[in-house]
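Not measured: the values here are computed from a predicted model. Letters go in sequence order (proteins before strands), and every chain restarts at 1.
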Number of protein chains: 2
Amino acid sequence: MTLTSEGGSPRRTPRSEEPAVWRMLQRVQVRAARLLEADLLTAHDLALASYDVLTRLAETPDGRLRMNDLADQALLSRSGLTRLIDRLQRDGLVEREACTSDARGLYAVLTAAGRTRLAEATPTYLRSLRARFLGVLDDDELRQCATTLTKLLPPPP
Amino acid sequence: MTLTSEGGSPRRTPRSEEPAVWRMLQRVQVRAARLLEADLLTAHDLALASYDVLTRLAETPDGRLRMNDLADQALLSRSGLTRLIDRLQRDGLVEREACTSDARGLYAVLTAAGRTRLAEATPTYLRSLRARFLGVLDDDELRQCATTLTKLLPPPP
DNA sequence: TCTAAACCGGTGCGCGTGCATCCAAACAGG
DNA sequence: CCTGTTTGGATGCACGCGCACCGGTTTAGA
């Protein structure tokens with residue numbers, strides 16, 4: 001990584017707005033996460049990370065995902081996911097199931113109770129998201145936001 | 001808060017992109033925070049939260065801020081800030097100073113060592129921010145991003 | 001085939017955080 | 001002036017997370 005401007009997308013010259021943008025992004029994310037979690041917690045006794053994991057599982061055709069993949073999607077370390085699945089399993093929302101093709105592997109599987117709980121919580125989640133966070137953006141801004149965030153996602157893999 | 005569309009900015013109808021936008025925002029923020037923190041930690045043994053606090057103090061004319069205000073700016077609970085200042089004080093980067101006008105109050109004050117450490121770390125911080133995060137945006141996108149985030153900031157105060 | 005390396009998930013441990021609580025100081029109302 | 005309430009900051013405690021490491025399994029290379 002040189003300091004000369006040799007083509008490519010990443011800029012090298014400092015721009016004064018960058019720290020401000022980063023600060024705002026942090027604030028917005030932390031604030032939204034706290035509000036969302038508070039709503040989910042009071043209404044459904046469900047932490048945000050738990051809701052996220054249940055959602056990822058539900059998006060899968062058969063409601064199951066390898067622990068490793070789930071950890072990546074949930075932005076959790078492998079040990080972190082182990083504990084989270086422990087809690088969800090204790091609450092009967094998911095189960096662990098052995099992987100036949102790889103004896104090391106485990107699936108986290110959504111239970112019927114898990115599906116029900118997720119279905120109950122989703123309206124709260126969507127409403128909260130809209131009412132306390134993204135509602136202030138019009139459709140254009142929302143789309144703009146989506147494309148910008150997409151660029152930011154895996155910066156230069 | 002009704003469900004009818006009675007003027008005002010917050011939308012009430014669900015939009016399918018909202019969850020995706022929120023997920024991306026989370027990913028981007030968490031990822032950037034981890035990369036930034038890793039860089040600061042390896043290069044200057046400074047956690048991101050510590051850097052943030054030092055920055056806020058340095059932006060102040062006399063390098064001091066009330067604990068309460070600092071907690072708000074740093075997105076920390078009051079107890080969280082107490083501990084963080086404990087650590088920074090132990091490392092000699094800040095000091096606590098009594099507030100003359102309010103005997104309950106305390107100032108966190110940047111020391112000379114704190115200023116030095118911040119000055120050393122800032123180039124790393126700015127470079128990291130640019131190289132691993134905001135560099136992929138051109139100037140227009142960055143400005144757009146700033147205005148959108150501004151709208152999102154204190155949703156409906 | 002046999003061995004070394006990579007990988008999957010779990011565990012021990014320490015750290016940073018928030019919540020509930022506490023104490024002292026400040027303010028409000030009588 | 002005295003009392004009840006509010007505010008600023010600190011502390012006990014529990015929780016969730018990441019890191020280092022481990023045992024078991026799979027894969028790659030000689």
ask   = Is the count of non-hydrogen atoms from other residues, nucleotides or ligands lying under 6.0 Å from E95(A) atom CD greater than 12?
value = no

message = Can you pull out the residues from residues 57-72 of chain A that lie within a 4.0 Å heavy-atom distance of DNA chain C?
response = R66(A), M67(A), N68(A)

inquiry  = Is the phosphate of dC13(D) approached by R83(B) (side-chain N or O, under 4.0 Å from OP1 or OP2)?
reply    = no

task = In whole angstrom, give the distance that lies between atom CG of D52(B) and atom P of dT17(C).
result = 11 Å

request  = Salt-bridge test for R56(A) and D52(A): reply yes if a basic N is under 4.0 Å from a carboxylate O, no otherwise.
outcome  = yes

request  = Taking only Lys NZ, Arg NE, NH1 and NH2, and the carboxylate oxygens of Asp or Glu, determine whether D91(B) and R87(B) approach each other closer than 4.0 Å.
outcome  = no

ask   = To the nearest Å, how far apart are L75(B) CG and dT17(C) C1'?
value = 13 Å

E97(B) CD to dG9(D) C1', straight-line distance once rounded to whole Å = 16 Å

inquiry  = Between P on dT27(D) and CG on D102(A), what's the gap in Å once rounded to a whole number?
reply    = 6 Å

request  = Determine whether any donor atom in the side chain of S79(B) lies under 3.5 Å from an acceptor atom in the base of dC19(C), or the reverse, and answer yes or no.
outcome  = yes

ask   = Does R104(A) get its side chain close enough to the base of dT26(D), under 3.5 Å, for a donor-acceptor pair?
value = no

remark   = From CG of L84(A) across to C1' of dG16(D) the rounded distance in Å is 9 Å

ask   = So which heavy atom on L106(A) is nearest to which on R96(A), and how close?
value = CD2-CD, 3.4 Å

query = For D86(B) and dG12(D), what is the distance between atoms CG and C1' respectively, to the nearest whole Å?
reply = 14 Å

request  = Measure from the side-chain heavy atoms of T82(B) and tell me the nearest of dA26(C), dT17(C), dA10(D).
outcome  = dA10(D)

query = Do D140(A) and R143(A) sit within salt-bridge range, that is, some charged N less than 4.0 Å from a carboxylate O?
reply = yes

query = Could D39(A) and R127(A) be called an ion pair, given the rule that one side-chain N must be under 4.0 Å from one carboxylate O?
reply = no

request  = Specify the residue among R34(B) and L81(B) whose closest nucleotide of DNA chain D lies further upstream toward the 5′ end.
outcome  = L81(B)

task = Calculate the interatomic distance between L48(B) atom CG and dT17(C) atom C1'; express it in whole Å.
result = 15 Å

message = Whether R96(A) contacts dG10(C) is assessed here as follows: a side-chain N or O lying under 4.0 Å from the phosphate OP1 or OP2. Is that the case?
response = yes

ask   = Any side-chain heavy-atom pair from L46(A) and L54(A) closer than 4.5 angstrom?
value = yes

ask   = Please give, in whole Å, the distance from dC22(D) P to R78(A) CZ?
value = 18 Å

task = Establish, with yes or no, whether the OP1 or OP2 oxygen of dT17(C) is under 4.0 angstrom from a side-chain nitrogen or oxygen of R87(B).
result = yes

